[in-house]
Amino acid sequence: MVPSCAAGWASCDGDPSNGCETDLGSSDGNCGACGTTCADVGGTNLCAGGTCTPSCAAGSGNCDGIGPNGCETSLGASNTNCGACGVACADVNGSSTCVGGACAATCDPGFGNCDASGTNGCETSTSASDAHCGTCGNACVDLNSTNTCTGGVCTPACFDAWASC
């Protein structure tokens with residue numbers, strides 16, 4: 001016959017002769033319930049008050065918020081959790097991958113990652129941006145003209161009385 005146990009205790013070994021032998025509040029192998037193991041994945045994981053509480057090592061995270069499976073995410077290589085939980089690498093106008101905990105963007109032709117953030121991808125059209133014409137940082141200068149970026153080339157329109165600007 002299975003014994004009736006006080007709150008926080010259980011008979012996890014199935015042996016009625018030793019009663020309610022398991023403290024569910026502090027047993028790493030029976031945390032909160034019989035058979036719930038606190039896994040030491042990516043750090044340490046202790047049972048406290050019947051809840052698995054992971055402590056993550058550098059480069060690991062408990063991004064799914066599930067205590068028993070520990071720090072299941074590698075923050076150095078996850079495109080959806082790059083460097084920290086919830087930081088996603090964006091595939092805008094190209095592709096982005098997580099390398100060493102930082103998003104690295106590879107841009108499609110005509111686009112650039114001019115703010116150097118992989119989390120928003122290749123956000124700049126280098127074929128139409130006056131500040132980044134043809135490549136990041138190449139600004140079309142307005143010296144005695146209006147200068148616009150067309151097809152990645154700065155095209156001046158001289159003011160009256162100015163030529164060959």
Side-chain angles (χ1 to χ4, degrees), residues 1-139 152:
M1 179 164 126
V2 177
S4 177
C5 300
W9 289 86
S11 177
C12 292
D13 66 2
D15 181 0
S17 68
N18 62 2
C20 303
E21 83 291 340
T22 305
D23 177 358
L24 300 176
S26 63
S27 171
D28 290 336
N30 297 292
C31 188
C34 292
T36 300
T37 301
C38 298
D40 285 335
V41 174
T44 58
N45 201 350
L46 301 175
C47 183
T51 302
C52 292
T53 307
S55 178
C56 300
S60 295
N62 181 19
C63 296
D64 65 2
I66 300 171
N69 69 357
C71 305
E72 80 295 336
T73 303
S74 169
L75 301 176
S78 170
N79 279 357
T80 54
N81 299 290
C82 189
C85 293
V87 175
C89 298
D91 289 336
V92 176
N93 302 314
S95 63
S96 187
T97 57
C98 185
V99 178
C103 296
T106 302
C107 300
D108 291 340
F111 292 93
N113 182 16
C114 297
D115 67 359
S117 171
T119 59
N120 62 357
C122 302
E123 79 291 338
T124 304
S125 170
T126 56
S127 31
S129 171
D130 291 342
H132 305 284
C133 191
T135 189
C136 293
N138 184 40

**Prompt:** Between T80 (side chain) and A88 (backbone), is there a donor-acceptor pair under 3.5 Å?
**Reply:** no
**Item:** Donor-acceptor under 3.5 Å (N30 side chain, L24 main chain)
**Value:** no
**Item:** Contacts of type side chain to side chain contact (heavy atoms under 4.5 Å, CB included), residue C63, not counting sequence neighbours
**Value:** E72, T73, L75, N81, C85
**Asked** Under 3.5 Å, is there a donor-acceptor pair between the D23 and S26 side chains?
**Response** yes
**Prompt:** Of the non-hydrogen atoms in C133 and G152, which two are nearest, and what is the gap between them?
**Reply:** SG-C, 3.4 Å
**Message:** Has H132 got a side-chain atom pairing as donor or acceptor with N138's backbone, closer than 3.5 angstrom?
**Reply:** no
**Asked** With a 4.5 Å heavy-atom cut-off, do D91 and S96 have their side chains touching?
**Response** yes
**Asked** Would C122 and C107 count as a disulfide bond (SG atoms under 2.5 Å apart) if you check the C-alpha gap in whole Å, the side-chain angles of each, and the deciding distance to 0.1 Å?
**Response** CA-CA 6 Å; C122 302; C107 300; 2.2 Å; yes
**N/O donor-acceptor pair under 3.5 Å between D40 side chain and N45 backbone** = yes
**Message:** Rounded to the nearest 0.5 Å, what separates atom CG in D28 from atom SG in C38?
**Reply:** 5.0 Å
**Prompt:** Between G50 and C31, what is the shortest heavy-atom contact and its length?
**Reply:** C-SG, 3.4 Å
**Request:** Kindly state each residue pair satisfying side-chain hydrogen bond (donor to acceptor under 3.5 Å, both in side chains) with at least one member in residues 50-71, sequence neighbours excluded.
**Result:** D64-N69
**Request:** Under the disulfide bond (SG atoms under 2.5 Å apart) rule, what do C82 and C89 come out as? Steps first, then yes or no, please.
**Result:** CA-CA 7 Å; C82 189; C89 298; 3.8 Å; no
**Message:** Can you pull out every side-chain hydrogen bond (donor to acceptor under 3.5 Å, both in side chains) where at least one residue sits in residues 99-117? Sequence neighbours excluded, please.
**Reply:** D115-N120, S117-T119
**Request:** Side-chain contact test, heavy atoms from C-beta onward, threshold under 4.5 Å: evaluate it for S78 versus C98 and give yes or no.
**Result:** no
